[in-house]
Structures are given as C-alpha cells and as structure tokens.
Amino acid sequence: MGEPRRFVVVGAGGTGGWLLEGLVRIAEFKMPGSAILIVDGDSYEPKNAERQSFTGLGNKAIMKMSELQPIYGRTFITADPRWIVEEANVELDDMTSDVVAAKTLLQEEDIVYAMVDNFAARKALFDAAREFDNIDVFTGGNDDQLYGSTYHYCRADGEDVTEHPGEWHKEFVTPPDKNPGDMSCAERARIEGSTQVIATNMAVAAFLLGRTHKVIIEGQKDLEAEIVFDLGEALAQPYDRVPQMEEELVGSSTH
Amino acid sequence: MQGSEAQAATQAGSARIKSGVYHQTGAFVGMTVSQVRERFGSRWKIADDAKALKGKEELAEDYVIQANDEVTFLKVQGEKGI
C-alpha cells in the first residue's frame, strides 16, 4: 500500500469528472487514508449531460463529493465550490467569497490536477506550484475533436524535475483566454458551450491516471512529461520535458 | 522523393522531425523548414501556426535542416488543450 497523499482536483467537469472516477479508486485501494479536495466554482446544468456525469443539479465540486464520499470510506473527500484565480485577498476558509487564490489553496506535497478548460486558470495553478519545493501538477485537455494532450509538472526538493509548461507553451505565460474566476456572473453565463468530445475527455483522464500510476504509485522517474494523442489515428507520442542544465545551454550557444 | 535525390539526401545524413503524434527520422537534411511543412503538413496535421523548434530555439522558415537535427513542430494549443 502506498502512503496517503492529498490530491487536489481543480475542475470536476468534462475531464475532471472522469479523472475523479479513477482517482478515487486509486486513493481508496492503493493509498488508503488519502484525501481528495475537489475544487470547482461551476454548477452542473442539463446541457452538460452529453459529456459529464452527475446525479443532480448544483455545484459540481459539492455534487461530486456527495456522490463519491458515501462509497469510498477510506478516502477523505471534501469540496471547495470556489473558482481558482491567480490573486485574491481571500482566506482559505472564507467561503463567502466565490474565488480563492491557487497559492492559498495548494500545499506542499500536493498532487494537483488542473482539469480546467482555460489557460488562465491553468497558469494560476502552475505558477503557484513554482513556489513549492515538492509538488506535482497534472493537466490535460481535448484540443480538437479526437486530439488531446496531457502535461505533468514535477518539483522535488526545490528543483524542477520536469519543466513548467510555460517553457514550451506560451499559452501558459500569456493566456489567450479569460479565467471564469475573474469574470462577472453575467460574463460566465455567456460562456459558449464546448466543442469537446467525450472520448477524448475520457482519454485525457486515462493518460493522467496512467502517469499517476507510473510516477506516483510506482515511483518511476519519467521525464517525458508531455503526451499528445490522436484517438482517430490510434497514436500517442511522449515529449521529453527535462530542464536543461545551465552548462548545457552555455555549451550549445558556442556551436 | 526521386531515387537519386533520396540517395544524395541519405549520404548527407539524417534528421528527425516530430509533429504531434507523428515522428520520422530520415533524409530531411538539406530541406528547409518550409519545405518540410509543405511536404508533410497535411499528412502530419502540422498547424499553420505551429512553430518549428530545435530544442527551444525557434527556427526560421528558410532554416536548412542539418544532420542530426531534431526539429519539432509545436502547435499553439486550443483553449481546451494543455
């Protein structure tokens, strides 16, 4: 049995919902005594039914906690119904606010899943992770129809084991979109429906659970932190995301 | 690629090209980035806005691929992607 850990799943919708189905079982049977914190400021609506599974209407984090906790008694499942943002002058336990800063929410040794559908919220989580000595942050998404991708940012003993995704994807440095947590209620209500495909969302969850199994449960070191896949072509390709040592960079510049 | 052209390219060395789920090591030496994009863009789904990188160095479209180069076409992820 593995040691208990705290998992933080931000986003319990199209990809996060499926991830949670697998993650809670990993926690319950492989790492008993673990905690899962589900974070989501959004509510489940009937229009989500095509890709998401909920037993009732309401805040997604609270609904998912209510569904899973009665079944998985060795896992401590809690919910935070707030939106993750980059900056907020809000205390961790201030539930009168509808937002909470990522750096306020996260803790050392957390295993975080950024299952949100915008780069602004992803940036908030990955940038906050930089401040911790030991933390893992996973993310993934349905990019286009049957094409998707996942990324794992790992820090250990104060160093990057795999690179922050902003080193490769500028969308994590200057997000092209807006975080729903930074929007007004009226703006959030106007967000258009997604073009995601359920098969791809489930595949994202599966790839993340697979990597969780490999590096967290089995403790294997794997620097190929980015995976892209195309279900239509039945292909997947990992990408090496190991930090370059400073001396390597200096050496390369002389060529 | 014609036979004599392929033979000449092979003698010049090989390079590796990656784009999304596709990758190939072959006789790309001497081709420019734009030529690779034109020849393989459709088959490998190289997005129009995908950058050509060698490591983290962004390559110009007229960069001539060298032996042992690994060139990756990295697309800007859609809002639902990573």
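In what follows, every chain begins at residue 1, and chains take the letters A, B, ... in the order their sequences are listed. Model, not experiment: these values are computed from the prediction.
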When A:Asp230, A:Asn201, A:Asp240, A:Val204 are compared by non-hydrogen pairs under 4.5 Å with chain B, the top option: A:Asp230

For atom NZ of B:Lys54, is the number of surrounding heavy atoms from other residues, nucleotides or ligands below 6.0 Å larger than 12? yes

Within a reach of under 6.0 Å around CD of A:Glu159, are more than 12 heavy atoms found that belong to other residues, nucleotides or ligands? no

Please look at B:Lys18 and chain A and tell me whether the side chain, the backbone, both or neither of the residue comes under 4.5 angstrom of a heavy atom of that chain. both

For A:Ala124, all residues meeting side-chain contact (heavy atoms from CB on, under 4.5 Å), sequence neighbours excluded: A:Ile84, A:Glu86, A:Ala102

For a quick test of reading the model, state the closest non-hydrogen atom pair linking B:Val21 to A:Val228 and the distance between them. CG1-O, 3.6 Å

Exceeds 12 heavy-atom contacts within 6.0 angstrom, atom NZ of B:Lys51: no

Residue part contacting chain B, namely of A:Pro238, when any heavy atom lies under 4.5 Å: backbone

Near B:Asp48 CG, under 6.0 Å, is it more than 12 heavy atoms from other residues, nucleotides or ligands? no

Proximity breakdown for A:Glu233 and chain B, heavy-atom pairs closer than 4.5 Å: side chain

What closest approach, in Å, do A:Asp143 and B:Lys75 show between heavy atoms, and which atom pair accounts for it? OD2-NZ, 2.6 Å

I'd like to check the side chain to side chain donor-acceptor pair (under 3.5 Å) partners of A:Glu224; sequence neighbours left out, ordered by chain and number. none

May I ask you to test the A:Tyr239-B:Thr72 pair for a side-chain heavy-atom distance under 4.5 Å? yes

